[in-house]
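The sequence lines fix the lettering, A, B, ..., with proteins before strands; numbering per chain opens at 1. Bear in mind the structure is a predicted one, so any value in this text is a computation, not a measurement.
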Number of protein chains: 4
Amino acid sequence: MTGATTPASPRSDMVRNRRLLLAAATTAFAERGTDVSMGEIAQRAGVAKGTVFRHFASKDDLLAAIMLQVLDQLLDAAERLGSADDAGEALREFMTVGVETLAADRAFCEAIGRPSLQHAEVRDAIGRLCGVVETLTARAREQGAIRDDITGTDIVLLLGGIHQTAEPLLAAQPQAWRRYLALAFDGLSAAGARTLPHPPPGRLDLGDSPSAPAE
Amino acid sequence: MTGATTPASPRSDMVRNRRLLLAAATTAFAERGTDVSMGEIAQRAGVAKGTVFRHFASKDDLLAAIMLQVLDQLLDAAERLGSADDAGEALREFMTVGVETLAADRAFCEAIGRPSLQHAEVRDAIGRLCGVVETLTARAREQGAIRDDITGTDIVLLLGGIHQTAEPLLAAQPQAWRRYLALAFDGLSAAGARTLPHPPPGRLDLGDSPSAPAE
Amino acid sequence: MTGATTPASPRSDMVRNRRLLLAAATTAFAERGTDVSMGEIAQRAGVAKGTVFRHFASKDDLLAAIMLQVLDQLLDAAERLGSADDAGEALREFMTVGVETLAADRAFCEAIGRPSLQHAEVRDAIGRLCGVVETLTARAREQGAIRDDITGTDIVLLLGGIHQTAEPLLAAQPQAWRRYLALAFDGLSAAGARTLPHPPPGRLDLGDSPSAPAE
Amino acid sequence: MTGATTPASPRSDMVRNRRLLLAAATTAFAERGTDVSMGEIAQRAGVAKGTVFRHFASKDDLLAAIMLQVLDQLLDAAERLGSADDAGEALREFMTVGVETLAADRAFCEAIGRPSLQHAEVRDAIGRLCGVVETLTARAREQGAIRDDITGTDIVLLLGGIHQTAEPLLAAQPQAWRRYLALAFDGLSAAGARTLPHPPPGRLDLGDSPSAPAE
DNA sequence: GATGAATGAGGATTCATTCAT
DNA sequence: AATGAATGAATCCTCATTCAT
């Protein structure tokens with residue numbers, strides 16, 4: 001099993017294994033949620049169980065790594081779209097990419113609000129994402145594409161909500177989320193609407209914080 | 001062990017235990033999702049493990065019972081509001097009750113689309129709920145309170161989505177869902193909006209259907 | 001469930017229940033072996049679980065009661081045949097009845113050599129059976145129908161052995177035991193055969209006796 | 001935990017553990033039947049519970065493995081004796097080995113006719129055994145050592161029967177089976193005996209066959 | 001660095017048995 | 001005397017994690 005034809009340097013093997021593992025785990029978690037066992041991921045990646053733990057000290061770490069992957073994709077998208085001329089269209093495009101990403105990843109949703117979020121890195125990435133999206137959102141606001149009282153964090157949160165709305169339909173109608181994305185966007189751009197009742201969320205602070213300020 | 005004030009008859013004790021179990025399970029599942037063990041639920045209810053299984057033959061049955069509880073509440077609310085004069089306001093009120101209910105129940109969302117749904121009773125209840133909500137929705141449509149292309153099933157699905165949007169905030173801001181409910185409602189009532197891109201969902205048909213028609 | 005049409009005296013109800021229980025247990029154990037649960041037996045008898053335990057303090061006691069039933073049947077048969085003219089034929093007839101009984105009772109065989117045998121009553125009944133069969137055997141010996149070195153206990157033990165020989169066939173060929181009974185009988189009547197190598201067993205002494213004398 | 005003298009490589013440890021497990025399971029099952037728990041077997045083998053399941057995916061697999069062990073021993077014996085000059089003596093020798101083997105293994109008998117038999121491997125081994133024994137038997141028949149109407153399958157079945165006959169005595173008289181083996185052999189060689197009443201069994205076909213042909 | 005065997009806590013579930021009514 | 005709810009020990013099995021090679 002180790003007798004590969006081209007061992008290359010040990011370093012490169014490790015890199016390759018890490019890539020295999022992330023790929024396998026991404027697929028597995030996306031398909032079947034966070035309950036997939038480490039054993040199965042090892043198998044799918046074609047490595048031994050011990051190797052999984054050499055790369056990711058715990059299942060939680062692996063989950064965090066995968067969430068980071070997804071978050072990075074989203075971050076990239078948001079950054080890429082940050083300079084588009086039509087900020088409203090850019091925002092819509094970002095949300096499309098975002099919901100599409102979630103729709104393909106069952107674990108991501110499950111994992112939100114779980115111990116993985118106690119990983120500082122994940123929290124940071126979410127924070128950063130909210131920041132970049134805030135830029136996007138601000139421009140859309142200024143261009144009048146969306147109403148005044150919407151923040152970047154709102155947008156990020158909506159990704160999960162839109163996905164969740166369509167989730168029960170996805171098995172039968174994989175594109176159903178488009179319907180609810182359009183609906184949400186209509187809400188976002190509702191011109192003369194009354195101001196939203198609850199204040200906008202600040203930077204997302206997730207995790208166990210038992211210091212929940214409530215209201 | 002429970003130190004109840006009135007042990008009464010074994011019958012009444014059983015009723016009491018069932019209530020304790022449902023309460024414990026509802027809370028536990030709501031707080032920590034479907035992974036809570038039967039053992040913990042027993043402990044929380046102050047009964048022995050065996051007692052849980054006397055009342056609910058399997059974990060899945062327990063989950064189904066809890067979903068039915070929630071669905072029944074929603075069904076009641078929808079029926080109660082079915083005859084209100086202002087159908088738009090009634091629909092909004094229903095959605096308020098609905099999201100509020102979900103906000104208190106984490107498991108409910110997880111459980112949608114899971115084996116518990118293979119319980120005919122749960123499927124039936126969902127079907128019935130969609131039916132009653134369709135009535136509510138139709139009236140709101142006729143009265144011009146919401147746009148034309150929204151169905152009762154859309155509304156039911158939105159409950160989960162709105163809740164999910166706010167979910168990461170709930171620990172810190174338990175009322176945050178009100179913000180996203182208002183936002184969604186603005187989308188629903190968007191007067192001149194373009195028709196939504198994806199066709200409305202039919203009656204919710206969940207479960208294993210591997211005959212996913214895709215699109 | 002208690003509202004029978006004719007309660008009769010409480011005494012007679014108890015007798016009736018005992019009979020129902022023994023019948024249900026006999027059938028259940030015979031069909032599926034000693035693993036049937038007390039709960040199922042209660043159900044089959046149409047009584048509550050508690051009632052089973054009022055009549056038989058433990059599952060072991062119930063098993064013992066059922067073994068006693070079977071042993072009594074065999075005892076009756078042996079006594080009835082004790083006065084037949086043709087002792088050889090009588091012995092053969094007894095063995096036929098005996099094996100037939102076992103063939104219909106899966107639990108009996110399983111239960112031999114188990115804790116149930118620690119019930120003095122069962123041990124006594126086996127002892128008594130060996131005694132009566134010894135009479136039958138002695139007459140057959142005297143009449144020259146079987147060889148000299150066979151005892152009643154040998155015969156009793158053979159019942160189980162013959163049954164066991166055929167057991168794997170019984171599902172497909174319920175009468176297969178007749179073949180092995182005939183074969184055994186041919187061995188028993190082998191005229192000029194050498195004396196059997198191991199001394200005849202004494203009175204059966206079963207149970208945990210850790211004082212096994214070995215040889 | 002085991003204090004072995006030579007831990008050697010993990011591979012060799014695994015082999016050693018497998019051996020320990022088989023030994024522990026063989027003893028445990030032989031002594032107390034199939035009810036011994038996997039936990040106890042682990043303990044007896046000096047390994048953790050999980051290790052049992054790494055080696056045998058289920059209790060049934062473990063039982064099957066043990067039956068295969070026994071069947072292999074018997075198969076070896078039968079093959080070894082297949083070429084002896086005196087086929088009658090060879091058959092007797094085979095039966096001696098066979099019963100002796102069973103006498104040391106209580107589970108084997110219990111397990112016959114149980115789900116373990118649905119393991120194709122076990123069924124196959126039994127079939128093969130019957131085949132080899134048929135050879136042995138045919139030669140004994142031809143040499144006039146046993147009567148005409150006895151098949152190899154009869155012989156295999158008799159092993160269990162003879163053992164069962166002596167079983168209640170084994171604790172006190174471990175060699176008692178020799179008596180019943182001799183008796184059975186006398187039946188097998190009964191020269192002028194009438195033909196046996198029930199047709200000989202075909203190849204042993206065990207398992208769920210609900211197509212029981214009856215008779 | 002990789003391997004995969006071993007570990008053992010934990011999970012769902014069953015069942016004999018007890019006991020309040 | 002009968003009921004059937006409650007109990008909790010025991011069972012099989014899974015899985016994250018550790019560690020010797």
Side-chain angles (χ1 to χ4, degrees), chain A residues 1-2 4 7 9-11 13-14 17 35-42 47-60 62, chain B residues 1-2 7-18 35-40 42 46-60 62, chain C residues 1-2 4 7 9-11 13-14 17 35-42 47-60 62, chain D residues 1-2 7-18 35-40 42 46-60 62:
Chain A
M1 187 162 276
T2 42
S9 83
R11 210 46 74 77
D13 242 34
M14 229 191 137
N17 275 343
D35 283 353
V36 192
S37 78
M38 293 296 263
E40 179 172 344
I41 288 167
V47 304
K49 248 190 311 190
T51 305
V52 187
F53 284 91
R54 167 162 300 275
H55 287 269
F56 306 96
S58 72
K59 187 174 184 176
D60 244 50
L62 175 54
Chain B
M1 180 167 276
T2 45
S9 80
R11 262 316 148 54
S12 87
D13 241 40
M14 200 194 172
V15 170
R16 188 171 144 277
N17 273 342
R18 192 182 179 89
D35 282 352
V36 192
S37 79
M38 292 297 260
E40 177 170 347
V47 303
K49 253 187 305 193
T51 303
V52 187
F53 285 92
R54 159 166 290 274
H55 288 267
F56 306 97
S58 71
K59 188 174 184 175
D60 242 48
L62 175 53
Chain C
M1 186 162 277
T2 43
S9 82
R11 209 47 73 75
D13 242 36
M14 230 192 136
N17 274 344
D35 283 351
V36 191
S37 79
M38 293 296 263
E40 178 171 345
I41 288 167
V47 303
K49 248 190 311 192
T51 305
V52 187
F53 284 90
R54 168 164 297 276
H55 286 270
F56 306 96
S58 72
K59 188 175 185 176
D60 244 49
L62 175 53
Chain D
M1 183 166 276
T2 46
S9 80
R11 261 319 147 56
S12 86
D13 243 38
M14 200 195 174
V15 170
R16 187 171 145 278
N17 273 343
R18 193 183 178 88
D35 284 351
V36 191
S37 80
M38 292 297 261
E40 178 172 345
V47 303
K49 253 184 307 192
T51 303
V52 186
F53 287 92
R54 159 165 290 273
H55 287 268
F56 305 95
S58 72
K59 188 175 183 175
D60 242 48
L62 175 52

key: Side chain of C/T51 (C-beta onward), nearest among F/dG8, E/dA6, F/dA2   = F/dA2
inquiry  = For Watson-Crick and G-U wobble pairs within 3.5 Å on both distances, what is DNA chain F written in dot-bracket notation, | included for inter-strand pairing?
reply    = .||||||||||||||||||||
Length of the [atom1]-[atom2] vector between [X] and [N], whole Å:
X: A/F56; N: F/dT18; atom1: CZ; atom2: C1'; answer: 18 Å
X: A/E40; N: F/dA16; atom1: CD; atom2: C1'; answer: 15 Å
X: B/R54; N: E/dT18; atom1: CZ; atom2: C1'; answer: 13 Å

inquiry  = Walk along nucleotides 9-15 of chain E from 5' to 3' and tag each nucleotide B, S or - by protein heavy-atom contact under 4.0 Å, base first, then sugar-phosphate.
reply    = -BSSBBS
task = Could you grab the distance from atom NZ of D/K49 to atom OG of D/S37, nearest 0.5 Å is fine?
result = 8.0 Å
query = How long is the gap from CE on D/M38 to OG1 on D/T51, to the nearest 0.5 Å?
reply = 11.0 Å
Please tabulate, one pair per line, all N/O donor-acceptor pairs under 3.5 Å involving side-chain atoms of residues 52-59 of chain C, not counting sequence neighbours.
| unit_1 | atom_1 | unit_2 | atom_2 | d |
| --- | --- | --- | --- | --- |
| C/S58 | OG | C/D60 | N | 3.3 |
| C/S58 | OG | C/D61 | N | 3.1 |
| C/K59 | NZ | C/T34 | O | 3.0 |
| C/K59 | NZ | C/V36 | O | 2.8 |

request  = Check whether any side-chain heavy atom of D/R16 lies under 4.5 Å from a side-chain heavy atom of D/D13, and answer yes or no.
outcome  = yes
query = Just to confirm, is there a sub-4.0 Å distance from OP1 or OP2 of E/dA2 to any side-chain nitrogen or oxygen of A/N17?
reply = yes
inquiry  = E/dG1, OP1 or OP2 - any side-chain N/O from A/H55 closer than 4.0 Å?
reply    = no
